[in-house]
Amino acid sequence: MKIATWNVNSIRKRLDRVIPWLTQYQPDVFCVQETKVEDDAFPRLEIEAAGYHVLCHGQKTYNGVALLSRQPARDAVRGFGDSVEDAQARFLVATVGDVRVGTVYVPNGQTVGSDKFAYKLDWFGRWRKWLSAHADPGMPLAFCGDINVAPDDRDVYDPVGWKDQVLCHPDERAALGEICRWGLADVFRQHHAEAGLYSWWDYRQLAFPKDLGLRIDLVLCTASLAARCTSIAIDRDARKGQNPSDHAPVIAEFT
DNA sequence: ATGGTTGCTTAGCAA
């Protein structure tokens with residue numbers, strides 16, 4: 001089973017890249033973030049024509065996630081379903097085959113100390129509560145997406161310059177740590193220990209050609225699923241050329 | 001150097 005994740009930065013703007021990519025790699029499950037479109041305007045027909053079933057959870061202008069799958073997905077959940085009034089579409093979970101899969105777009109946080117940063121930390125806490133209430137660490141479960149946290153300094157091109165900045169701040173690393181402590185592992189690090197492997201490069205300042213990137217797009221798996229992961233890779237080539245997303249896709253293979 | 005690039009929506013926000 002192949003599971004992929006990609007922050008596409010607008011599914012409509014990126015469709016001419018996403019469809020050929022899907023056709024080439026044929027993931028069984030494809031988690032998408034930053035679709036930036038309401039559900040009734042999602043390019044469903046084009047994606048179905050490429051052989052995928054579509055679950056989406058979007059909103060106007062910002063955010064939005066989707067889960068595409070070759071087989072129909074079941075038991076879909078949109079949002080945390082908690083007591084918080086929250087219009088931001090960032091969380092979608094469904095089951096494909098024997099695996100429960102979540103596509104998540106963690107809030108960026110903008111700057112440390114801002115209201116948006118507080119929302120980000122709170123969002124992690126709500127996610128952690130969702131896990132306690134709706135999942136079990138013993139089940140085969142993967143959460144894939146733009147986590148908007150570089151887990152450690154190996155994931156950052158300039159750890160000194162980024163120290164205590166948003167995406168690298170100890171408070172958000174600790175919040176991600178609580179998610180992992182519940183029972184989800186960053187499976188990329190089971191297969192690659194080296195520094196300098198990134199999934200996002202800013203559009204500005206020629207960051208991609210200079211390889212000034214961060215690894216913030218993760219596949220988080222429970223132990224039983226992590227044990228089935230035979231390979232995981234970042235498709236850096238998908239960041240090249242005309243009209244790229246600022247993120248590259250990540251593809252994981254499971255037995 | 002508070003810049004710079006992109007997307008959505010059309011002036012300003014978010015990333």
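A note on names: the letters A, B, ... follow the listed sequences, proteins ahead of strands, and every chain is numbered from 1. Everything quoted here is computed from the prediction, not taken from an experiment.
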Taking the six-membered ring of Tyr52(A) as reference, does the NZ or CZ atom of Arg70(A) fall below 6.0 Å from its centre and within a 45° cone about the axis? yes
Determine whether Val104(A) and Phe124(A) fall in the same hydrophobic cluster, where Ile, Leu, Val, Met, Phe, Trp and Tyr are linked whenever their side-chain heavy atoms lie under 4.5 Å apart. yes
Are Val166(A) and Trp200(A) in one and the same hydrophobic cluster, where Ile, Leu, Val, Met, Phe, Trp and Tyr link if side-chain heavy atoms are under 4.5 Å apart? yes
Which whole-number value in Å describes the distance from [X] [atom1] to [N] [atom2]?
X	N	atom1	atom2	result
Asn243(A)	dG7(B)	CG	P	6 Å
Leu206(A)	dG3(B)	CG	P	19 Å
Lys13(A)	dC8(B)	NZ	P	6 Å
Phe208(A)	dT6(B)	CZ	P	14 Å
Leu212(A)	dT5(B)	CG	P	14 Å

Between N or O atoms, less than 3.5 Å apart, protein on one side and nucleotides 10-15 of chain B on the other: list the pairs.
from	atom 1	to	atom 2	distance (Å)
dA14(B)	OP2	Lys116(A)	NZ	3.3

Distance, [atom1] atom - from [M] to [N], rounded to whole angstrom:
N	M	atom1	value
dG4(B)	dT9(B)	P	25 Å
dG3(B)	dC8(B)	P	24 Å
dT2(B)	dA15(B)	P	23 Å
dT10(B)	dT5(B)	P	24 Å
dA1(B)	dG7(B)	C1'	26 Å

For Asp86(A) and Arg126(A), what are the C-alpha separation, side-chain angles and deciding distance, and is it a salt bridge (charged side-chain N to carboxylate O under 4.0 Å, His left out)? CA-CA 11 Å; Asp86(A) 190 350; Arg126(A) 293 166 63 201; 2.8 Å; yes
Can you tell me if Ser10(A) uses its side chain to pair, donor with acceptor, with the backbone of Lys13(A) under 3.5 Å? yes
Does Arg215(A) come within less than 4.0 Å of Asp186(A), counting only side-chain N to carboxylate O? yes
side-chain N/O Arg14(A) vs dG7(B) OP1/OP2, d < 4.0 Å: yes
Answer yes if the side chains of Trp162(A) and Tyr157(A) hold a donor-acceptor pair under 3.5 Å, and no otherwise. yes
Using heavy atoms to find the nearest nucleotide of DNA chain B for Asp202(A) and Ser10(A) separately, return the residue whose nucleotide is more 5′. Asp202(A)
